[in-house]
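Every value quoted in this text rests on a predicted model; they were computed, and no experiment measured them. First listed ligand is number 1; within each ligand, the first listed atom is number 1. Quick note: residue numbers are just sequence positions, from 1.
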Amino acid sequence: MLVGIDALSMYTPGQYLALEDMAAVHNVDAAKYLVGIGQHKMSVPASDEDVVTMAAEAAQPIVTDDIRSRLSTVIFATESSVDQSKSSGLFLKNLLDIPSTARFIEMKQACYSATAGIQLACDLVRQRPDELVLVLASDIARYEQGGTAECTQGAGAIAILIASKPRILALDPETGVFSQDVMDFWRPNHRRTALVDGKLSIDAYETTIANALSDYVRKNSVPLSTLARYCFHLPYTKMASKALNAMKNSFPEECSQVAIDHVEEGLHYGREIGNTYTASLYISLLSMLERTTEDLSGKRIGLFSYGSGSVGEFFTGIVQPGYLGHLPRERHFALLSKRRRLDYTTYAKWFYSPEANADTALPCMTRSQFRLEGVYGGRRTYGVNPIAQPAEAQEERVCVG
Ligand code: HMG
């Protein structure tokens, strides 16, 4: 029985910081960020957006009445959770009118947990093929202001529907895994920004992809050379070339030249959005499927998921005939092209403003459909935005102050 990705939809906030503006403030050559890191823009959430509103925006186009009636489980993957106890998914249950017969859980292992969620979802659907599982991955990548990691921030979410007879990507059951206990990147409970040992994190990523690939090759008869594309977790797009080098060093003969030649297709969206932690790999998959000019129907592709700390998994899937007809490409293009450009001062005010934890009513800042209205007695209240505008109707403009 084929099981895998039946629908994919992404969201990123309607504001961005151009990295040349950050370079000017940091007094750094802009080429370091644009070429050396490989990032052009970074999405910035409004103060009334968080992982819940972003996930609701991503999921809304795919949660139709037919889907609702078959949804058994909502798995929310994040490392920017809004509560230490309650699953972020429950906060969006009413926004999306998800039936009470669905179960909700949250998963965490840095950027990797959406992949764990997808593996669990596939196994649930293999047991009961009529059921659907919604995997939501939503994150805000936040580091210390002024540090070398500030240029690798970002925000976004993806909604992934797992079903039998999937319309986009049928996932192969055998995967390759590598885990180790390493302090490359972490965020203690009292901190809003992550701590990172940048160079160690790159080494850990490279070691993990080489070992996960070895585990995949050991367990699978599918030759790596037959894969049509590779997609990677992208903390920043330069990481893709480092990942490819690590793969080629470990498997110099077996790596697919076609996949190497086309790696750029998976980088477009990430370069415009920045790191989205749990969502990053799947936004890269979407970028690849929506930006390639080739029909990938029937082709097998390889995906590498990495989460610091660390766990990595290499897995594969076969692109399904007609997949393009099920991807909301125009909506994604509009989301990216109609964002407001923030100057550095405005970005810093929005991005680093204190978290709303005590009693706070939040002003309407986002133009998207859902918003965090406020926090009252520690209870978060979400609702529909009275000044929402569809992305297609928005103008790109510069926003100062
Ligand atoms: P840095 O030390 O400032 O950067 O921080 P650098 O000096 O290494 O320069 C970066 C690149 O720019 C280098 O290229 C330079 O040569 C080049 P490379 O050697 O890497 O190919 N460069 C230039 N290029 C053109 N023109 C110039 C120029 N100057 C320099 N003028 C670092 C970089 C990534 C370490 C930092 O931003 C950081 O710590 N970021 C956060 C950590 C991170 O993203 N790690 C990636 C792997 S870990 C991961 O993916 C997990 C994660 O997503 C978290 C999770 O799992 O939850 C982060």
Review point. Which residue supplies the protein heavy atom nearest to atom 24 (N) of ligand 1, what is that atom called, and how far is it?
Key: Gly36 CA, 3.5 Å

Exercise for review: State, without any angle test, whether Tyr382 and Asp50 hold a side-chain donor-acceptor pair at a distance under 3.5 Å.
Suggested key: yes

**Study point:** Ligand-side contact atoms (ligand 1) for residue partner Tyr236, heavy atom cut-off under 4.0 Å
**Key:** 34 (C), 44 (O), 46 (C)

Check your understanding: Hey, is Thr152 touching ligand 1 through its side chain, its backbone, both or neither, going by heavy atoms under 4.0 Å?
Key -> side chain

Review point. Should the ring pair Tyr230 and Phe232 be called parallel, tilted or perpendicular, given that the plane angle runs from 0 to 90° and is split at 30 and 60?
Key: tilted

Review point. Considering only heavy atoms, which of Pro235, Ala141, Ser241 lies nearest to atom 50 (O) of ligand 1?
Key: Pro235

Point to revise | Any N or O of Asp184 closer than 3.5 Å to N or O of ligand 1 | key: no

Point to revise | Ligand-side contact atoms (ligand 1) for residue partner Gly307, heavy atom cut-off under 4.0 Å | key: 56 (O)

Point to revise | Between Phe314 and Tyr216, ring centroids under 6.0 Å | key: yes

Review point. Does a salt bridge link Arg126 with Asp123, judged by any charged N lying under 4.0 Å from a carboxylate O?
Key: yes

Exercise for review: Report the nearest protein non-hydrogen atom to atom 21 (O) of ligand 1: residue, atom name, distance rounded to 0.1 Å.
Suggested key: Lys238 NZ, 2.8 Å

Practice item. Return a yes/no value for Glu79: is any of its N or O atoms, backbone included, closer than 3.5 angstrom to an N or O of ligand 1? Key: yes

Review point. Is the backbone N or O of Ala212 less than 3.5 Å from a side-chain atom of Glu313, with the two atoms forming a donor-acceptor pair by type?
Key: no

Review point. If we only count N/O pairs under 3.5 Å, is Cys111 in contact with ligand 1?
Key: yes

Exercise for review: State whether a side-chain donor-acceptor pair under 3.5 Å links His268 with Glu290.
Suggested key: no

Exercise for review: Answer yes or no for atom 32 (C) of ligand 1: protein heavy atom present at a distance under 4.0 Å?
Suggested key: no

Review point. How does Tyr112 reach ligand 1, if at all, at less than 4.0 Å between non-hydrogen atoms: by side chain, backbone, both, or neither?
Key: neither

Practice item. Output all residues satisfying side-chain contact (heavy atoms from CB on, under 4.5 Å) with Pro386, sequence neighbours left out; order by chain, then residue number. Key: Cys364, Arg371

Check your understanding: Can you find a protein heavy atom closer to atom 16 (O) of ligand 1 than 4.0 Å?
Key -> no

Review point. Identify the closest protein heavy atom to atom 5 (O) of ligand 1: which residue and atom is it, and at what distance?
Key: Thr148 CB, 3.9 Å

Revision key, fill the gap. In this structure, atom 25 (C) of ligand 1 is nearest to the protein heavy atom Ala31 O, 3.5 Å

Check your understanding: Under 3.5 Å between some N or O of ligand 1 and some N or O of Ser308?
Key -> yes

Review point. Is there a heavy atom of Glu150 sitting under 4.0 angstrom from any atom of ligand 1?
Key: no

Check your understanding: Considering only the protein, which heavy-atom contact is closest to atom 8 (O) of ligand 1, and what is its distance?
Key -> Lys199 NZ, 2.5 Å

**Study point:** Minimum-distance protein heavy atom relative to atom 45 (N) of ligand 1
**Key:** Ser201 OG, 2.8 Å

Check your understanding: Would one find an N or O of Tyr277, backbone or side chain, under 3.5 Å from an N or O of ligand 1?
Key -> no

Exercise for review: Apply side-chain hydrogen bond (donor to acceptor under 3.5 Å, both in side chains) to the pair Gln257 and Asp261, showing each step before the final yes or no.
Suggested key: CA-CA 6 Å; Gln257 193 54 45; Asp261 292 343; 2.9 Å; yes

Exercise for review: Check ligand 1 against Ala110 and write out every atom of the ligand that is under 4.0 Å from a heavy-atom position of the residue.
Suggested key: 55 (C), 56 (O), 57 (O)

Review point. Are there more than 12 heavy atoms of other residues, nucleotides or ligands under 6.0 Å from atom NZ of Lys93?
Key: yes

Study note, to complete from the structure: For Asp295, the salt bridge (charged side-chain N to carboxylate O under 4.0 Å, His left out) test, sequence neighbours excluded, returns none

Exercise for review: Verify the contact flag for atom 11 (C) of ligand 1, where contact means a protein heavy atom under 4.0 Å away.
Suggested key: yes

Exercise for review: Mark up the atoms of ligand 1 that fall under 4.0 Å of a heavy atom belonging to Tyr306, in ascending order.
Suggested key: 48 (S), 49 (C), 50 (O), 51 (C)

**Study point:** Heavy-atom nearest neighbour of atom 3 (O) of ligand 1 within options Gln153, His26, Lys32
**Key:** Lys32

Check your understanding: Quick one: does Asp172's side chain have a donor or acceptor within less than 3.5 Å of a partner on Glu174's backbone?
Key -> no

Study note, to complete from the structure: A student comparing Gly198, Gly147, Gly38 should find that the heavy atom closest to atom 39 (O) of ligand 1 comes from Gly198

Exercise for review: Using a strict cut-off of 4.0 Å, indicate which atoms of ligand 1 neighbour a heavy atom of Asp29.
Suggested key: 31 (N)

**Study point:** Polar proximity ligand 1 side, Tyr143 side, N/O cut 3.5 Å exclusive
**Key:** no

Check your understanding: Do the side-chain N and O atoms of Arg339 and Ser43 include a donor-acceptor pair separated by under 3.5 angstrom?
Key -> yes

Review point. At what distance is the nearest protein heavy atom to atom 20 (O) of ligand 1, and which residue and atom is it?
Key: Lys242 NZ, 2.5 Å

**Study point:** Ring geometry between His233 and Tyr205 (parallel below 30°, tilted from 30 to 60°, perpendicular above 60°)
**Key:** parallel

Point to revise | Test side chain to side chain donor-acceptor pair (under 3.5 Å) applied to Ser305 and Thr278, Thr115, Thr208, the passing residue | key: Thr115

Review point. Just checking, is any N or O donor in the side chain of Asp184 or Ser308 under 3.5 Å from an acceptor N or O on the other one?
Key: yes

Exercise for review: Kindly check if the number of other-residue, nucleotide or ligand heavy atoms within 6.0 Å of NZ (Lys165) is above 12?
Suggested key: no

Point to revise | Distance from atom 53 (O) of ligand 1 to nearest protein heavy atom, with residue and atom | key: His233 NE2, 2.8 Å

